[in-house]
Number of protein chains: 2
Amino acid sequence: MSPPKRTIEASAASQIAELAAQSRRVTSYDVALVAGVSQSAVSRCFKPGASVSKTTFARVMKAAALLDYVPNAAARSLITRRTNMVAVLLTNRANLYYPELLTELSKQLTPHGKRVLLFPLASESEAARVLGDLWQFQVDGVIAAAHLPATAVAEFKRHRVPLVVFNRLLEDLSVHTVSCDHRAAGRMLAARLAAAGHRQFGIISGSKDSVVAIARQQGVAEQLAELGLPPPLVVTGEFDYHSGATGLKTLIARHGGIPDAIICANDVMAIGCLDCARHELGISVPGQLSVAGLDAVEPSNWLSYNLTTLHQPMAQMAAAAAQQICRLIERPEVAAERQLFDAQFIEGATARLHLPATAPAAPFSLPQPLAIM
Amino acid sequence: MSPPKRTIEASAASQIAELAAQSRRVTSYDVALVAGVSQSAVSRCFKPGASVSKTTFARVMKAAALLDYVPNAAARSLITRRTNMVAVLLTNRANLYYPELLTELSKQLTPHGKRVLLFPLASESEAARVLGDLWQFQVDGVIAAAHLPATAVAEFKRHRVPLVVFNRLLEDLSVHTVSCDHRAAGRMLAARLAAAGHRQFGIISGSKDSVVAIARQQGVAEQLAELGLPPPLVVTGEFDYHSGATGLKTLIARHGGIPDAIICANDVMAIGCLDCARHELGISVPGQLSVAGLDAVEPSNWLSYNLTTLHQPMAQMAAAAAQQICRLIERPEVAAERQLFDAQFIEGATARLHLPATAPAAPFSLPQPLAIM
DNA sequence: TTGTATGCGTTATCAT
DNA sequence: ATGATAACGCATACAA
């Protein structure tokens, strides 16, 4: 006589006991046993478009629920060659737009079943060093918001890992890119300020290894040169509040007076510069000095600042990057695309944007610059 | 006649050709073949403390380098039962300390060979929904900076996934926790302000599902009650700049005048409140109104604000959480520990912290509160 | 629709 | 120190 057919519940209970005894994990075999089907049937039940009968599906799902079964992604990826992970390389410098970027990326990737594996970088140049780790994890793709040397890009090709470079333009045109045109942004800002009569510019740039800061600075310099204005005075900072203040003082000391306008490589430095001018040095902004930022992070539109700056459409860019990496994962062979976004000018109230009604030739904020040099 | 013994280089080249032809991945077998050793020898070479002779090691490493071989983490984790990934659950609300938290966590985890897999949450309550994904990825542990319902905590136990709850105190004492004592922080702030003669308090709290905001608010209310002061007026916000401004206006309307002191559930709201008071309503801070924040994110110490607030030792807390999850991964059975950190009071300049020399009994900032009610 | 059999790439155990 | 062999947990080709 065969034993009475046990209920799924009873079968599950005994299976759980056995699992605990052997301290094994719950596998699809266990589920199959409890559901009274084959392992492959179980596997199919967890694959979206597979062909399973309603009844088996129900039995399997019930058994799975009773056993707390979830497919093991590691085992799955071994055979599917997909880990459903996208690595994101990020420099600390991105600091203030870090949250926006990451949440937007995740939001876009999650519907595709992909998750973000984070690789924060202490410096842009550190990128190369984390690559080894990256290959091990077999991520499906990488979004790099960090500078990659040509050798690193080559590695991506050898390892056949899709790569999207974020907010930086590499010389190599064959890499997929989503970015603002930082050089154009620099030009635009310089042009606007020059049109308002500013002549002597100062730049508080980012640290030397930042491609972004350099591109912006070049844009400004180019534009000024084309307009026949004196070259900007440049000091470098570390993208932080303190650097903005220090940068301002250094610029004043070096120039022997207050320049007409100061462009900072990011908003936090601009805010530092602004606070230092107003609260520490008693300089009126924009009365005596125009200050502009770049990046438009949230604090820049707080009432106390209302910074003149350029807004990068970060959320859109993040979405674009997510889209692109997903497409690339599906079809690795598609031709490289450089998706460029325009920064949007934010007038704010820290820069004079129109020619002063009086003294059009020599703005009063320019204290005999030539006499001193 | 046996063929002449080929060099490693030559052997590697032909192996690469074969791999490309079959579009296979590079495996330890390929390396073994090229290096002229067994596959297990290759495996051992990539395991830190294994016993391999110098010469085999050298041959293997050379072959591996030529082939661009890296061990496949998915395959490895299948047998070692370690994915070397730690999931981090994070609400968007954490916004401003997001970068600090994530970089610190990563910094602490990287030396242990672990990486952060990110799970951003749209709301605290969304946590439960991402858990399914989480189990699939087989992460070694989870750091949750989000509220977890008891059912979710139970799931962690069933799945035997180590959990550290970050900056929230669950009632369940059996969960490992690293947090500030938000209630104590609220009490401390209330006590300091009350000692300076403030009597009518307003609170701009966070959205209703935030455990942290609620705890802080309770602390304030408790302390005021113990001191025999009137209960605080409470409005809720969304932890953002705009909420601070709106909150202030609502409080004034509801109270029929300016309260003595306003405590905001985070610094960004405090800054919004401050800007609104000063720039929009023309209220002198701290002359007519004291404003205090909680959280001490970076902008709070910018010169324009210099906010009175409480600083959470975020970096230390992150480090502690990383340590704890690592220990827990090694020894899952250790007893639960609640690691509490004290918030540090930052005086700032937006709250009056001493009794006014004149009119000690009824501060001038309190316009006949009882007459109106 | 379902079950059988095989392979994904590694680590671990056990001889040698 | 080294090599053969057996898991690990799943997806898939194929046969039924």
Pair listing, side chain to side chain donor-acceptor pair (under 3.5 Å) test, anchored in residues 63-72 of chain A, at least two apart:
D68(A)-R158(B)
Among [options], which nucleotide sits nearest the side chain of [X]?
X	options	value
T27(B)	dG9(C), dT12(D), dT2(D)	dG9(C)
N72(A)	dT2(D), dG9(C), dG9(D)	dG9(D)
L78(B)	dG9(C), dT2(C), dT10(C)	dG9(C)
T56(B)	dA1(D), dT12(D), dT10(C)	dA1(D)

What are the atom names and distances for every N/O pair under 3.5 Å that joins the protein to nucleotides 4-7 of chain C?
residue, atom, partner, partner atom, Å
dT4(C), O4, S40(A), OG, 3.2

Looking only at side-chain N and O atoms, does [X] come under 4.0 Å of OP1 or OP2 in [N]?
X	N	value
T80(B)	dC8(D)	no
K47(B)	dA12(C)	yes
R76(B)	dC8(D)	no

Students often get this wrong, so: under 4.0 angstrom with heavy atoms, is [X] touching a base, only sugar-phosphate, or nothing?
X	result
S51(B)	base
Y69(B)	sugar-phosphate
S43(B)	base
V42(A)	nothing
S77(B)	nothing
V70(B)	sugar-phosphate

d([atom1], [X]; [atom2], [N]) in whole Å:
X	N	atom1	atom2	result
K54(A)	dT1(C)	NZ	P	13 Å
D30(B)	dT10(C)	CG	P	9 Å
F57(A)	dT1(C)	CZ	P	14 Å
R59(A)	dG3(C)	CZ	P	11 Å
N84(B)	dT10(C)	CG	C1'	14 Å
L19(B)	dG9(C)	CG	C1'	13 Å

Show, in sequence, the C-alpha distance, side-chain angles and deciding distance for T83(B) and K114(B), and conclude whether the side-chain hydrogen bond (donor to acceptor under 3.5 Å, both in side chains) test is met.
CA-CA 8 Å; T83(B) 54; K114(B) 303 202 182 306; over 6 Å; no
Salt-bridged, [X] to [Y], with N to O below 4.0 Å?
X	Y	result
R327(A)	E337(A)	yes
R24(A)	D30(A)	yes
R115(A)	D140(A)	no

Can a donor-acceptor pair be found between the side chains of S43(B) and S40(B) at a distance below 3.5 Å?
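Judged by distance alone, the side chains do not pair up.
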Donor-acceptor pair between S179(A) and T177(A) side chains, under 3.5 angstrom:
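Looking only at side-chain atoms, T177(A) and S179(A) do not form any donor-acceptor pair under 3.5 Å.
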Hey, can you tell me if W135(A) and H159(A) have their rings parallel, tilted or perpendicular (30° and 60° cut-offs)?
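Plane angle under 30°, so parallel.
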